[in-house]
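In what follows, a structure is listed as structure tokens, so that the remarks can point back to it.
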Amino acid sequence: MRKYQQLALLLVSCFSIGVLMMYKSENNRLKYVLKYVNFFGRNDAAVLRRLQNGTGIEDEHHLLKTAFSKPLPVWQLIGDSFHAYSAYWKRNELVAGGDAHVIVVGKKGAVVDFRCSFDVGGRSVQGKFRFQRDATEGVVDDKGATFTYYNFFCQVSRNFGQPEYVSFSDTTSATKRQVKLRLRYVKPASSNPNSNTDAKTTMKTNTHVRLPATICVDLVNFNMSSSFARSSDAMLQFFLFHQALGVEHFLVYNYDELPEKVVHLLERTNLHLYGLPFNFPFLQTNTTTGRIRQLMLTDCLLRNVNYAGFTMLLTPNEIVYPNARFASDTNRALQLQLRHYASETSRFELATFAVCFDERKKLLIDNAQYDPEVKAPYATLLYRLELPPTQLLLPTTTSVELPLSNGFAHRYVDCQHVGKDGLHDWRNGVREDLMNHINTLRNEVDLLI
């Protein structure tokens, strides 16, 4: 009897061990399956996140490219004696209607008499035409100019929807043909109250496209045969120094003039360049520089308002050195430092030094000598884009001259004829904290060169 009990116990033990081994095997197989299911699950989720983030970045870049360079501006004939560059639609905020603002140049002495209309969803809506000569017409002495700079307006007093084109017809022309201009919207299309876009999408879009600052680059009036322009390193540093300040978006007028070597080097950075053609239809001379710069400035302001917090119009030999960065989140950010000025103040003038450019210096900031007798042809202005466009463009817009402690600008020139006072060292008048900030920027750019 005892032997049978021992045999039964042995059989039960063997059965138990067999069941245990079977469960262990199944458990291992289950872990193996779960391992790979979890593996693929995690990667699918990661891929989806990367795709979503990548799509968001691409959407933002597409929005900015559309905002800054679409429709592409170009000088086109709109009458026997007039050419238009770009057209902007501005919808009224408090009352119905809106108007189109068009940058125009016309043959000097030509009669201005136009009719205008809008294309809204395929139907024509008649507008009221008016025009203004540029406010600097009587200030800038350019008697040799063969053209006059105008601002054309086509106004409607009712809401017909968002127009796609504005058309102009020159009544003094024998043909009286209508010329259509594609409109660019001063405000993002998604922020239109009549739009059916979801509110959350609108908020997200507006947040993405509102940049800390942009810079408009003037290659129209810039001397591309100068020693500065011939130096690829110097041209490259213009973009890199401003990138160190937090500016990553540059609107380049006459983009084709930018050397291919510089363009190739900039493609390796995170900078975004928007090429804007400038096939100016009239003769350009030294006496017309101020007027051409003014119409470029108008386009620059209209193109950036509602998309950037600050903007400037600079030539590549001009670099600004404020005492703080644009994109910084600290309390020393330049945006926050300028908050104590009234909101009506939209222009901040920076003291400008005519610094002697030496090609042997590795970095531009290492050029220390400047000629105090060389006067700047125009003021270096930083524009705060918080006022409506109509107020930003007024010649009476409030401006403030910033103290040297807030920053300054360098205009790099060839010092061939030094004044009687000789050359001075610009560093002698700079505060220690500002100089430390500039040296930090210098070191950052030095690593990139």
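Numbers here are sequence positions counted from 1.
Taking CG of L441 as the start and CZ of R325 as the end, the distance is 5.0 Å to the nearest 0.5 Å. We find the CG-CG distance between L251 and D299 to be 8.5 Å, quoted to the nearest 0.5 Å. A distance of 9.0 Å separates CD1 of I365 from CZ of R427, quoted to the nearest 0.5 Å. Put simply, CG on L181 and CH2 on W89 are 14.5 Å apart, with the number rounded to the nearest 0.5 Å. Between the NE2 atom of H424 and the CD atom of E373 there is a distance of 8.0 Å, given to the nearest 0.5 Å. Distance CZ/F114 to CZ/F82: 5.0 Å, rounded to 0.5 Å.
With a 4.5 Å cut-off on side-chain heavy atoms, R91 and K187 do not count as touching. Looking at T146 and K108, their side chains never come closer than 4.5 Å, going by heavy atoms from C-beta outward. In this structure the side chain of T398 never reaches within 4.5 angstrom of the side chain of Y341, judged on heavy atoms. Using a 4.5 Å cut-off on side-chain heavy atoms (C-beta onward), F68 and N304 make contact. Within the 4.5 Å cutoff, the side chain of N221 has heavy atoms near those of the I292 side chain. When side chains are defined from C-beta on, L385 does not count as touching N306, because their heavy atoms never get closer than 4.5 Å. Contact annotation: the side chain of M312 approaches that of T380 to within less than 4.5 Å [non-hydrogen atoms, C-beta and beyond]. Between V252 and L219 there is a side-chain heavy-atom pair separated by less than 4.5 Å.
Using cut-offs of 30° and 60° on the angle between ring planes, the pair F152 and F168 is tilted. Using cut-offs of 30° and 60° on the angle between ring planes, the pair H242 and F238 is perpendicular. Taking the six-membered ring for Trp and thresholds of 30 and 60 degrees, F153 and H101 have ring planes inclined between 30 and 60 degrees apart. Ring geometry for H410 against Y321 counts as perpendicular: the plane angle is over 60°, on a 0 to 90° scale with 30° as the lower cut. Aromatic ring pairs are classed by plane angle as parallel below 30°, tilted from 30° to 60° and perpendicular above 60°; the pair Y150 and F131 is perpendicular.
Looking at R303 and Y88, their side chains do bring a donor and an acceptor atom within 3.5 Å of each other. Using modelled atom types and a 3.5 Å distance limit, the side chains of T214 and Y307 yield no donor-acceptor pair.
Aromatic ring centroids of F250 and F239 lie under 6.0 Å apart.
What you find for G127 and V156 is that their closest heavy atoms are CA-CG1, 4.1 Å. The nearest pair of heavy atoms linking F326 to P212 is O-CB, 3.9 Å. G422 and D371 make their closest contact through O-OD1, 4.2 Å (heavy atoms, listed as atom of the first residue, atom of the second, distance). Between V166 and L183 the shortest heavy-atom distance is CG1-CD2, 3.8 Å. The minimum heavy-atom distance linking S346 with T397 is given by the pair OG-CG2, 2.6 Å. Across all their heavy atoms, V430 and M435 have their closest contact at CG1-N, 3.9 Å.
In this structure, the side chain of R293 engages the main chain of L313 through a donor-acceptor pair within 3.5 Å. The closest donor-acceptor contact from the side chain of N254 to the backbone of E257 lies at 3.5 Å or more, if one exists at all. Judged purely by atom type and a 3.5 angstrom limit, T288 uses its side chain to pair as donor or acceptor with the backbone of T285. Looking only at distances, a side-chain donor or acceptor of N159 sits under 3.5 Å from a matching main-chain atom of G97. A donor-acceptor distance shorter than 3.5 angstrom exists from the side chain of E318 to the backbone of T315, with no hydrogens or angles considered. Side-chain atoms of R411 never come within 3.5 Å of backbone atoms of T352 as a donor-acceptor pair (strictly under, hydrogens ignored). Judged purely by atom type and a 3.5 angstrom limit, N367 uses its side chain to pair as donor or acceptor with the backbone of D358. Although no hydrogens or angles enter the test, the distance criterion places a donor-acceptor pair under 3.5 Å between the side chain of R230 and the main chain of S225. Using a distance-only test at 3.5 Å, with no hydrogens or angles considered, a donor-acceptor pair links the side chain of T298 to the main chain of Q294. A donor-acceptor distance shorter than 3.5 angstrom exists from the side chain of Q237 to the backbone of L364, with no hydrogens or angles considered.
Pairs engaging residues 230-303 under the disulfide (SG to SG under 2.5 Å) rule: C216-C300 [sequence neighbours left out]. Within the structure, side chain to side chain donor-acceptor pair (under 3.5 Å) contacts touching residues 164-176 (residues at least two apart or in different chains) are D80-S173, D113-T171, D170-T172, S173-T175.
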- Can you check side-chain contact (heavy atoms from CB on, under 4.5 Å) on L245 and V320, steps first, answer last? CA-CA 9 Å; L245 288 169; V320 296; 4.2 Å; yes

- Start with the C-alpha gap between F278 and W75, add the side-chain angles, then the distance that decides, and say whether side-chain contact (heavy atoms from CB on, under 4.5 Å) holds. CA-CA 7 Å; F278 203 86; W75 290 104; 3.8 Å; yes

- Task: Go through D433 and H437 one step at a time and tell me if the side-chain contact (heavy atoms from CB on, under 4.5 Å) criterion holds.
- Result: CA-CA 6 Å; D433 58 342; H437 172 65; over 6 Å; no

- Go through L382 and E349 one step at a time and tell me if the side-chain contact (heavy atoms from CB on, under 4.5 Å) criterion holds. CA-CA 6 Å; L382 172 65; E349 183 176 348; over 6 Å; no

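Heavy-atom contacts from other residues, nucleotides or ligands closer than 6.0 Å to CZ of R347 number more than 12. No more than 12 heavy atoms of other residues, nucleotides or ligands lie within 6.0 Å of CD in E432, so this atom counts as exposed by the packing criterion. By the neighbour-count criterion of 12 heavy atoms within 6.0 Å, atom CG of N270 is sparsely surrounded, having that number or fewer from other residues, nucleotides or ligands. Heavy atoms from other residues, nucleotides or ligands lying under 6.0 Å from CG of D425 number more than 12.
Residues satisfying the salt bridge (charged side-chain N to carboxylate O under 4.0 Å, His left out) test with D233, not counting sequence neighbours, are none.
When each of F147, Y253, Y149 is paired with F280, the ring-ring contact (aromatic ring centres under 6.0 Å, His included) condition holds for F147 and for no other.
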